[in-house]
Structures are given as structure tokens and as C-alpha cells.
Protein chains: 2
Amino acid sequence: MSSKAEQIMDEAENLARSHGYNAFSFRDLAAKVGIKSASVHYHFPTKADLGAALAKRYTERFISTLNHCIEPTDTTFEIVQRYGEAYYQALVQDGRMCLCGLFAAEVDSLPEPVAAEVQRFFEANINWLKDILRRDPHVRSEEALEADATFILTLFQGAMLVGRTMNQPEAIHTVMEKLRGTDIYTSRVN
Amino acid sequence: MSSKAEQIMDEAENLARSHGYNAFSFRDLAAKVGIKSASVHYHFPTKADLGAALAKRYTERFISTLNHCIEPTDTTFEIVQRYGEAYYQALVQDGRMCLCGLFAAEVDSLPEPVAAEVQRFFEANINWLKDILRRDPHVRSEEALEADATFILTLFQGAMLVGRTMNQPEAIHTVMEKLRGTDIYTSRVN
DNA sequence: CACAGGCTACCTAGTGGTAGGTTGATTTTG
DNA sequence: CAAAATCAACCTACCACTAGGTAGCCTGTG
């Protein structure tokens, strides 16, 4: 992957994370990069190609970041804390949303390959969370794992959406704190 | 408000709730209603006017629906259950999102009056939830009320987003069930 | 030379929005 | 009461602009 293509993706991600898929254009993007829109097409033949590449790279980086900031000795609580903090950082650095959270809202008007990548993002998140919860001393059934992972994911995605709209990124910390009073960290076999 | 304007708003809401603000056009809308796009402008001078009207009506109807389905004898748990059920119904009836949840994702590229209405939707929801929680035998500080209300709102908004993307509307029921194992219903003074 | 990586110039299809005209019902007035 | 004026609600036809995308040319470098 040439550095120009990465540069294009970087700017595209910035635009997409504040305006969504439908509301950024090849012209805007090209202007940011300092080239012409036709040249963007050289690297990404169609907008769907670019969108799918963005979502895929985002997912990989997101999961990789998560894996790099945990220690084997961390408690489930600490890890989920860091998971939430990842969302907070993403939001607070110039008010940008989670790329795939934003794309998810547009899923009905997304080209199919892009929508598929967004689904994969959520799946990857749920699987990652399930793995974390599986290490927990509290044994859970497969259904409970799924439910707990879904709970955590949806909570932060929602907090991000609401927090950004209300200009209150600290909403993420608010719900993170409330998550403490949950049986996520103390759930029994069920 | 003439019935034609309402008819336009009905169709616009349908389109907006599946495609978002940026991805529905006056022409699509006019075609659905069976008139020309110029005639839509007669009722709503600009798209921003229409968008704001949609969000406002949606908020009023949403809150009104909530108020109409609770009884004075209901427990907090039952009410929150119904609150979640309102989201589930909205999602499951032809897979449409909460209008304002969708608009929230696009907030950066929304005309200011529309964005303001979306904020008002979230505020109205939080205030409604706070009122419900205030009636609860468990006394809470103002901060705790705000936190609990935010928690519930963000949870369902997130569940809606993720649930629709994954074609799993029952995700809303999953998190509703998990909400049970939360101190929302048992929280003490803090 | 070949070719990667850009460019100019263009296309079609669509966008929100405007100007001005037509219709038919309602209201005002001689 | 009938003619005249007004009005809501739509229309056709168009505007300027932007979208994603394409064709073909240029230029520097291995």
C-alpha cells in the first residue's frame, strides 16, 4: 500500500468520522489531500472500494489497539474500563465518532461491501469482548457471554452517539461508571 | 396543518428513518407522495425546515406515546421495560431506526435547526426518564438521576444501532434483560 | 522505454431551490 | 346575485451546483 493511498485513507477517515459516508465527497477528500478527485479514483476505483477499505482498516486498528493495551494480569473490570476509554479518546480527539458506529447509522444507504465491513466490525468487537469475559473467574454460558458482550458494545456505541450530539463526551465516563453497578463483573453461572 | 403536509411528513419520516437526512431527496419524497418536488417546497420551503419539523413532531409523538402507556401504579422496572419496548417496536416495524438516533449520527452535516431539534429529543428523553426515576422509592441525588437516565437512553440507542446493522432487533431485548442486573432498580442514595 | 501516478477536461445523473403559470374553490364587492 | 379578486395547492421548466466516474494526456523515474 503506497503512502499516498494511506494518506488518502487518513483524510477520508477524518471526513467520514465527522460527516458519515454519504456526506463526504471525492472532491472534498482530494482537496484535503492536495490532489484532484480523478487521482483518488486511481487508488480507489469507486467510493464503495474506499469505504470498505476504510471500515476494514479501522476494524483492524481498533482491535489491534485493544489487544496492545491489556496485560495478562488485568482484571475484567480494568479491561472493560480501557475498552470504554478507547471510545472516549476517539470521541474527544476533535469530536470524531467511531467510524463504524457512524456508518452503521447509514447502513440502509451503504453499498453492500461497506455494510458488510461494518457488520464485521461489530462482530469483531463482540468476539473480542467475549474472549475477555471468558477469562473471567465468573463462568458464564455462551448465551450469557453473548449478552454481556452485546450489552457493553451497545452501551458505548450509544454513549458515543448521544455524547457527541449533546457535546458531552463525558457521557461515556458516566455510563462507564454506571457499568460498575452491573452484574457484568459479578455475574454467576446462568 | 393541512393533511397534505402531514402526508408529506409521513413519507419523509419513512425515508429519513431508513436512509437518514442526507440520503433522502425531495424528488424521492415527492414521488412517494405522488406530487412534484416543487410542491414539497410549497409546504416546506427548505429541506432544513422539513428536517426540523420531522424531528420536532417525532419527539412530541415519542414522549406522548411514553406518557400514554404508563399507569401510576407501574413500577420503575415496568416503565423502563415499556421504554425499551418502544424502541424495539420502532425498529422491528419494517426495520426502521429511531429518527433522531439516525439524525444524531449525521449531526455534523445537519443544518443547525435540525441538529438543535435532535438535541432536544435527547434532552426530552433524559428528562422523561429522570421524572420516572424520581418517583422511585430509591432516593437519588440529581447527579445519580442524570447518570441513570443517560445510561438507559444510551443503552437503547446503541442497541438500536447495533441491532439493526446486525439484523438482530432482539438485541434490544437482550440488553433490556441485562438491565435487570443493574443497580438502576436498586440504587441507593449516593 | 514502460509505467506509476498524477493531471485536465469532461460526462451523466442527481441535488436543493426558484420563477412563473394553471386550476378550482372561496371570499369580496358593485 | 353575479362578477371580480384572492387564495391554496399544485404544476412545468429551469437554475446553479455537486455527485461519482471516465478518457486520455503528461511527466518523472527505474
Side-chain angles (χ1 to χ4, degrees), chain A residues 1-55 102-103 105-115 117, chain B residues 1-55 99 102-103 105-117:
Chain A
M1 170 91 55
S2 80
S3 86
K4 203 70 179 183
E6 272 168 22
Q7 197 186 335
I8 290 171
M9 288 182 77
D10 290 343
E11 292 293 347
E13 187 179 316
N14 280 341
L15 288 170
R17 283 178 58 189
S18 40
H19 302 100
Y21 181 85
N22 290 305
F24 87 91
S25 73
F26 271 43
R27 281 173 184 44
D28 297 341
L29 172 56
K32 287 264 180 193
V33 178
I35 58 176
K36 298 294 166 175
S37 78
S39 307
V40 179
H41 282 286
Y42 171 79
H43 296 276
F44 301 96
T46 71
K47 195 181 181 182
D49 291 326
L50 174 56
L54 283 180
L102 231 174
F103 279 7
E106 306 178 89
V107 78
D108 274 15
S109 51
L110 244 37
E112 195 277 322
V114 185
E117 285 299 335
Chain B
M1 171 91 54
S2 79
S3 87
K4 202 69 179 186
E6 271 168 24
Q7 198 186 333
I8 291 170
M9 287 181 77
D10 291 343
E11 292 293 349
E13 187 179 316
N14 280 342
L15 289 170
R17 281 177 61 190
S18 41
H19 302 103
Y21 180 86
N22 290 305
F24 86 90
S25 73
F26 271 44
R27 278 171 184 51
D28 296 341
L29 171 56
K32 286 265 178 191
V33 178
I35 58 177
K36 298 295 166 168
S37 79
S39 307
V40 179
H41 282 286
Y42 171 79
H43 296 278
F44 301 95
T46 70
K47 195 179 180 182
D49 291 325
L50 174 57
L54 283 180
L99 179 76
L102 230 174
F103 278 8
E106 305 178 90
V107 80
D108 275 15
S109 52
L110 244 37
E112 194 277 321
V114 185
E117 285 300 334

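Order of the sequence lines sets the chain letters (A, B, ...), proteins ahead of strands, with each chain counted from 1.
The stretch residues 14-25 of chain B touches DNA chain C through B:Phe24, B:Ser25, each having a heavy atom within less than 4.0 Å of the strand.
Between A:Glu106 atom CD and B:His19 atom NE2 the span is 11.5 Å, to the nearest 0.5 Å. To the nearest 0.5 Å, the span separating CG on A:Asn14 from CG on A:Asp28 amounts to 12.5 Å.
In this structure, B:Ser39 does not reach the D:dA9 phosphate: none of its side-chain N or O atoms is under 4.0 Å from OP1 or OP2.
Atom CD1 of B:Ile35 is separated from atom C1' of D:dA8 by 13 Å (rounded to the nearest Å). Taking atom NE2 on A:His41 and atom P on D:dT22, their separation rounds to 7 Å, with Å as the unit. Between the NE2 atom of B:His43 and the P atom of C:dG17 there is a distance of 16 Å, given to the nearest Å. If you measure from atom CZ of A:Phe44 to atom C1' of D:dT22, you get 19 Å, rounded to the nearest angstrom. Atom CG in B:Leu29 sits roughly 15 Å away from atom C1' in D:dC10 (whole-Å rounding).
Relative to the ring axis of A:Tyr42, A:Lys36 does not place its NZ or CZ within 45° and under 6.0 Å from the centre.
Across all strands shown, B:Lys36 has heavy atoms under 4.0 Å from base atoms, whether or not it also approaches the sugar-phosphate. Across all strands, B:Phe26 comes closer than 4.0 Å only to sugar-phosphate atoms, never to a base (heavy-atom distances).
Nearest to the side chain of B:Lys47, among D:dG20, D:dC11, C:dG17, sits C:dG17. The nucleotide whose nearest atom lies closest to any side-chain atom of A:Tyr42 is, among D:dG21, D:dC10, C:dG5, C:dG5. Nearest to the side-chain atoms of A:Ala38 among the listed nucleotides D:dC10, C:dC7, C:dT18 stands C:dC7.
A:Leu29 and A:Ala12 make their closest contact through CD1-N, 3.4 Å (heavy atoms, listed as atom of the first residue, atom of the second, distance). The minimum heavy-atom distance linking B:Val40 with B:Ala30 is given by the pair CG2-CB, 3.9 Å.
Looking at A:Lys4, its side chain never comes within 3.5 Å of a backbone N or O of A:Val33 through a donor-acceptor pair.
Judged by atom type and distance alone, B:Arg27 does not reach the base of C:dG14 through any side-chain donor-acceptor pair under 3.5 Å.
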Derivation and outcome, side chain to side chain contact (heavy atoms under 4.5 Å, CB included), residues B:Phe24 and B:Glu13:
CA-CA 10 Å; B:Phe24 86 90; B:Glu13 187 179 316; over 6 Å; no
